[in-house]
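Throughout, protein chains are lettered first and strands after them, A, B, ... in sequence-line order, and every chain is numbered starting at 1.
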There are 2 protein chains.
Amino acid sequence: MTPQTIKVACSNCNLRELCMPLGLSEEQLKRLDEIVAVRRKVKRGGTLFRNGEPFTSLFAIRTGFFKTCVATEDGRDQVTGFQMAGEIIGLDGIVSDRHTCDAVALEDAEVCVMPFDNIEELSREVKALQHHVHKIMSREIVREHGVMLLLGSMRAEERLAAFLLNLVQRLHARGFSQSELVLRMTREEIGSYLGLKLETVSRTFSKFVEEGVVEVKQRHVRILDAGALRNIVNSQQACH
Amino acid sequence: MTPQTIKVACSNCNLRELCMPLGLSEEQLKRLDEIVAVRRKVKRGGTLFRNGEPFTSLFAIRTGFFKTCVATEDGRDQVTGFQMAGEIIGLDGIVSDRHTCDAVALEDAEVCVMPFDNIEELSREVKALQHHVHKIMSREIVREHGVMLLLGSMRAEERLAAFLLNLVQRLHARGFSQSELVLRMTREEIGSYLGLKLETVSRTFSKFVEEGVVEVKQRHVRILDAGALRNIVNSQQACH
DNA sequence: CGGCAGTTTGAAAGGCCTCAACGGGGGTGG
DNA sequence: CCACCCCCGTTGAGGCCTTTCAAACTGCCG
């Protein structure tokens with residue numbers, strides 16, 4: 001329960017372009033370093049924060065992979081997102097000063113802890129940071145719109161295809177392969193995110209394999225025909 | 001296409017407590033009036049903004065009722081929310097300087113136009129406003145988490161029950177009845193929001209009526225047993 | 001080497017969708 | 001002011017997709 005912490009600086013972080021605004025002056029960059037208080041390591045399976053805990057900071061993921069999930073009183077729960085390096089986590093806590101979901105590390109991870117008071121203070125002075133914060137929150141809202149579209153109107157194959165395409169696209173933006181990926185989450189977690197049961201996820205993977213669209217070996221996935229995946233997402237049966 | 005506009009002030013708006021921060025000084029309140037440039041009327045069926053249009057302003061709903069919806073290239077679309085008086089609309093546009101969804105008035109409406117540049121400028125000076133903006137965006141993120149939970153893990157009855165409870169709760173907070181409401185949207189729009197077909201929505205309404213949980217006459221709904229609705233939402237069949 | 005979590009696959013059931021027809025109410029135009 | 005029309009809502013029947021329940025398999029880790 002005593003989180004490991006390390007002191008550091010943003011200004012020479014190679015992920016800066018992912019989580020920080022561009023085009024800052026030397027002086028502003030230096031001020032940004034004041035935002036990140038410490039880093040914190042989270043072991044695989046550990047939680048960065050939990051539903052109900054006081055909100056104090058946003059977290060920028062440096063390494064590792066997280067899921068966030070919400071739960072109802074009756075035990076049901078729903079994965080609301082998967083987050084990777086350079087993405088910001090914890091925005092849900094701002095409104096009520098408490099986190100409203102759990103953030104769980106799916107592999108050993110390290111995050112930059114950014115006390116929200118610091119962020120607000122500095123973004124009152126640095127216009128670019130202020131706008132950047134607004135954009136990050138807006139981006140999250142738009143992302144969730146996309147998930148609602150997926151959950152509300154797509155069939156199992158479309159959901160999984162969209163999921164895989166989204167994942168490789170984000171990994172590719174981080175310098176990884178455009179066609180190969182390692183899933184950090186279980187079939188059950190994928191299913192929860194996509195509104196499907198784990199068996200349906202598994203079956204849909206098998207179907208993709210049969211069709212020669214992907215290769216799957218455990219959590220290793222190779223996309224053989226990205227065009228086919230895109231077609232599946234955009235197919236939509238019988239429009240009238 | 002020439003929107004009707006009216007000049008006005010926030011400081012004596014009776015919805016202020018819904019869309020503006022509390023505990024401001026006289027002087028700060030006066031500054032807030034600078035934010036709202038004009039008001040704008042939107043007729044039933046008209047759009048406040050459309051996907052792809054340049055983003056310049058947020059909108060605070062003064063009167064009326066809106067839906068927001070996103071669409072895919074292949075024509076499918078998804079209602080992402082219903083908004084009523086005092087709620088803020090347009091947050092999706094910040095990230096890309098373009099709106100990414102449509103906002104359609106479901107009844108004649110009037111909104112306060114708040115140019116986002118003004119908001120950012122003033123919130124650099126008024127701490128309470130800055131935090132308020134952050135909270136509004138965070139609230140929207142949390143709301144969408146709830147919708148994802150609904151779409152990802154609930155059955156038709158649970159979805160509709162949750163929908164009705166949410167609607168009356170928000171209406172009640174605005175001084176309307178706790179048990180009676182008039183739906184401003186069609187069954188199809190409800191279905192789109194809930195990830196169901198309109199026939200399923202209709203059938204589920206009928207089922208609720210049979211069970212004596214609600215009375216339905218067209219779009220007029222009277223909740224006879226709110227407890228039963230809450231039970232339906234929290235039921236969740238067979239936990240193991 | 002065993003145990004276990006995670007995955008795959010099968011078979012049957014069930015819930016929601018599709019297609020279709022009918023009914024009703026409100027708006028519009030004569 | 002009335003009549004018509006069209007959109008909206010309701011209901012039925014049948015089918016399909018996903019879920020449920022079950023069993024077997026695999027790879028990893030202690």
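- Computed from coordinates, the E188(B) CD to dC17(C) P distance equals 12 Å when rounded to whole Å.
- Taking the six-membered ring for Trp, Y193(B) and F82(B) have ring centres closer than 6.0 Å.
- Each of Q218(A) and V201(A) was assigned the nucleotide of DNA chain D with the nearest heavy atom; the assignment lying further toward the 5' end belongs to V201(A).
- Within 4.0 Å (heavy atoms only), G191(B) reaches no atom of the nucleic acid at all.
- For dT20(D), its base sits under 3.5 Å from the side chain of R203(A) at one donor and acceptor pair at least.
- R219(A) comes within 4.0 angstrom of the backbone, heavy atoms only, and of no base.
- The side chain of L196(A) lies closest to dT19(D), out of dT19(D), dT8(C), dT7(C).
- Rounded to whole angstrom, the span from the NZ atom of K207(B) across to the C1' atom of dG15(C) amounts to 10 Å.
- In this structure, the separation between CG on N51(B) and SG on C101(B) is 7.5 Å, given to the nearest 0.5 Å.
- A donor-acceptor pair shorter than 3.5 Å cannot be found between the side chains of Q78(A) and H145(B).
- We find the CG-CG distance between L181(A) and L183(A) to be 5.0 Å, quoted to the nearest 0.5 Å.
- Looking at E199(B), its side chain comes within 3.5 Å of the base of dC19(C) through a donor and an acceptor atom.
- For dT18(D), the OP1/OP2 oxygens have no side-chain nitrogen or oxygen of T200(A) closer than 4.0 Å.
- Between the P atom of dT7(C) and the CG atom of L160(A) lies a distance of 13 Å, rounded to the nearest Å.
- Checking R230(B) against N234(B) by side-chain atom types alone, no donor-acceptor pair falls below 3.5 Å.
- Residue contacts for S202(B): at a heavy-atom cut-off of 4.0 Å it reaches a base atom on one of the strands shown.
- An OP1 or OP2 oxygen of dT8(C) is reached within less than 4.0 angstrom by a side-chain nitrogen or oxygen of R187(A).
- Put simply, NZ on K217(A) is 13 Å from P on dT8(C), counting in whole angstrom units.
- Residue L198(A) is classed as a base contact, given a heavy-atom separation below 4.0 Å to a base.
- In this structure, H220(A) places its NE2 atom 12 Å from P of dT7(C), rounding to the nearest Å.
- As rounded to whole Å, 13 Å separates atom C1' of dT18(D) from atom CZ of R155(B).
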